[in-house]
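Take a look at the structure set out below.
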Protein chains: 2
Amino acid sequence: MFTTCVAYRRTAAVQERLDATRTRIVAAAHDLVARHGYAGCSIALVAEAAEVATGSVYRHFPDKGALFAEVFRTSTQREVDAVAAAAAEPGSVAARLSRAVETFAHRALASPRLAYALIAEPVDPGVEAERLTYRAAWTDLFAGLVADGLASGELPPQDPAVSAAAAVGAMAQALVVPLHHGGAEPHVVPELTAFITRSLGASS
Amino acid sequence: MFTTCVAYRRTAAVQERLDATRTRIVAAAHDLVARHGYAGCSIALVAEAAEVATGSVYRHFPDKGALFAEVFRTSTQREVDAVAAAAAEPGSVAARLSRAVETFAHRALASPRLAYALIAEPVDPGVEAERLTYRAAWTDLFAGLVADGLASGELPPQDPAVSAAAAVGAMAQALVVPLHHGGAEPHVVPELTAFITRSLGASS
DNA sequence: GCAAGTAGTGAACACTGGTTCATTCCTTGA
DNA sequence: TCAAGGAATGAACCAGTGTTCACTACTTGC
């Protein structure tokens, strides 16, 4: 009555291949976004780049938004981690701030198309929600620096949240938006660093 | 042979009605954008709001982009003019700067949805090109103030273009992006004003 | 080798929303 | 009143894309 024949079980080898395919899809999507942005980055293109059928993408992600949300999440996390590491190195708040801004700027200048895609490019709602989360991550990172500066008396009284949001906006606008159209301009880095340092009152 | 009968000529009355219809279409589009943003603001909705048929919209604009470019242009010009007027009033650079930031901030807080649509909301390429133009208008406005400050010695040495871009980004991020989700927070205005003033070195 | 069941496929589908155009309605000057 | 021609209409069209699904190919345990 109960046929105990269980002919197929997902074996370790198969799981490994599945994981590899999934990784390949995400990598292909990441690559396409970094090179051409979200615009014109269709499922069909991703599938072609990952060498799978379009339908196969849906065996790993429920819909397009989920795929690109993951791409966005992993890419942004890498950037946040890099800047956070630079800011965590010991030193005065002014020095840590400068390192953070410089790290952000240099990385953005090194991958301008990706930076634009992560920070400013129009995306559909699913990815925008992810962006909101990471906007908070950026702001928190700088708000933490400001709070440290307030605690140590290095910075004048200010609302860390507002200052951090404004600082993040300043970096994004000064670096990423211009990069969108026209080439990189490395000379902005020291200017921007000075701007941010002054803006938080760490200029002395 | 040549029938001299030229039965129909566009008369002044007709022209007036045409202009009125066009104005109504733009007004309807503006209203929809200000209330719901570009997303979901279709030609069909605009036509309905303007009480014309969808096809009639195309008797006044070659395509959707042209209509929304005009909406964007007129709306943004109004904002730029208002801030420019505030900045033009006589006074120290620091005072003019504060007035400019406050004017920008108060107007954005008064019409948050519109502000978001004009500054940060994803738009299609035709409108984005228009936004690029006006981004330059904003930056030029503040670059002019920085240049004045440099000339008078009120501000320390800096690249007006970079400082202005960063300042505009700071205002946009601190005000508009948060407004997108969640309510208005008027308390940010003085914080933001202080931030911008410090950032340009006009703090003293 | 075989039955059971999963992974993979890609052409077809569905939906959205901008755009068109044959038709109707008006306006004009005689 | 009437012919001429522009203005207005809105249903139909079309293009681009995300998504599905009937089908094939493969893997597994016996």
Side-chain angles (χ1 to χ4, degrees), chain A residues 1-25 28-29 32 36-71 122-127, chain B residues 1-25 28-29 32-33 36-69 71 122-127:
Chain A
M1 197 154 188
F2 295 111
T3 165
T4 51
C5 179
V6 192
Y8 182 91
R9 277 288 162 72
R10 184 184 289 183
T11 197
V14 171
Q15 183 62 54
E16 205 169 323
R17 197 189 56 199
L18 283 174
D19 292 348
T21 300
R22 188 193 151 96
T23 301
R24 215 166 60 242
I25 290 170
L32 283 172
H36 309 300
Y38 291 102
C41 191
S42 63
I43 295 287
L45 279 176
V46 172
E48 188 188 341
E51 296 182 305
V52 296
T54 59
S56 301
V57 174
Y58 288 86
R59 301 189 68 70
H60 297 274
F61 299 94
D63 55 24
K64 189 187 186 186
L67 167 59
F68 283 100
E70 175 156 336
V71 170
V123 294
D124 41 25
V127 179
Chain B
M1 196 153 189
F2 295 109
T3 164
T4 51
C5 179
V6 193
Y8 182 90
R9 280 285 162 73
R10 184 183 289 185
T11 196
V14 171
Q15 184 62 53
E16 205 168 322
R17 197 189 54 198
L18 282 174
D19 292 349
T21 299
R22 189 193 149 97
T23 300
R24 214 167 59 242
I25 291 170
L32 283 172
V33 168
H36 309 300
Y38 290 102
C41 192
S42 64
I43 294 287
L45 279 177
V46 171
E48 187 188 342
E51 296 182 303
V52 295
T54 59
S56 303
V57 174
Y58 288 86
R59 301 190 66 72
H60 297 274
F61 300 93
D63 54 25
K64 189 188 185 184
L67 166 59
F68 283 100
V71 170
V123 294
D124 41 27
V127 179

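Residue numbers begin at 1 in each chain, while the letters A, B, ... track the order of the sequences. Owing to the predicted nature of the structure, the values given are computational and were not obtained by experimental measurement.
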Side-chain contact check for B:Thr11: nearest option of D:dA7, C:dT28, C:dA7 is C:dT28

Over how many whole Å does the gap from A:Asp19 atom CG to C:dG8 atom P extend? 11 Å

In whole Å, I'd like the distance from the CD atom of A:Glu48 to the P atom of C:dT9. 13 Å

Across nucleotides 16-21 of chain C, 5' to 3', mark each nucleotide with B, S or - according to how protein heavy atoms within less than 4.0 Å reach it. --SBB-

When rounded to whole Å, the CD1 to P distance for the pair A:Ile25 and C:dT9 reads 9 Å

Quick check for you: to the nearest 0.5 Å, what is the distance between A:Asp19 atom CG and A:His60 atom NE2? 8.5 Å

Please report, rounded to the nearest Å, how far the C1' atom of C:dT27 is from the CZ atom of B:Arg10. 12 Å

Closest listed nucleotide, where the reference is the side chain of A:Thr21 and the choices are C:dG8, C:dT9, D:dA8: C:dG8

Quick one: is B:Arg59 getting a side-chain N or O under 4.0 Å of the D:dA7 phosphate, OP1 or OP2? yes

Closest approach of A:Thr21 to A:Val52 (non-hydrogen atoms, all atoms of both residues): CG2-CG1, 3.9 Å

Over how many whole Å does the gap from A:Gln15 atom CD to D:dT27 atom C1' extend? 14 Å

Which nucleotide wins on minimum distance to the side chain of B:Arg17, given the candidates C:dT6, C:dG8, D:dA8? D:dA8

Heavy-atom distance under 4.5 Å between the side chains of B:Tyr58 and B:Ile43, does that happen here? yes

Residue pair A:Ala44 / A:Thr54: nearest heavy atoms and the distance that separates them: CA-CG2, 3.8 Å

Between C1' on C:dA7 and CD on A:Glu16, what's the gap in Å once rounded to a whole number? 16 Å

Expressed as a whole number of angstroms, how long is the span from A:Leu18:CG to D:dC26:C1'? 12 Å

Rounded to the nearest Å, what distance is computed from the CZ atom of residue A:Phe61 to the C1' atom of nucleotide D:dG18? 15 Å

For the residue pair B:Cys41 and B:Gly37, what are the closest heavy atoms and their distance? CB-O, 3.5 Å

Closest non-hydrogen atom pair, A:Ala29 against A:Phe68: CB-CE2, 4.3 Å

Heavy atoms only: give me the nearest B:Ala69-B:Val127 pair and the separation to one decimal. N-CG2, 4.0 Å

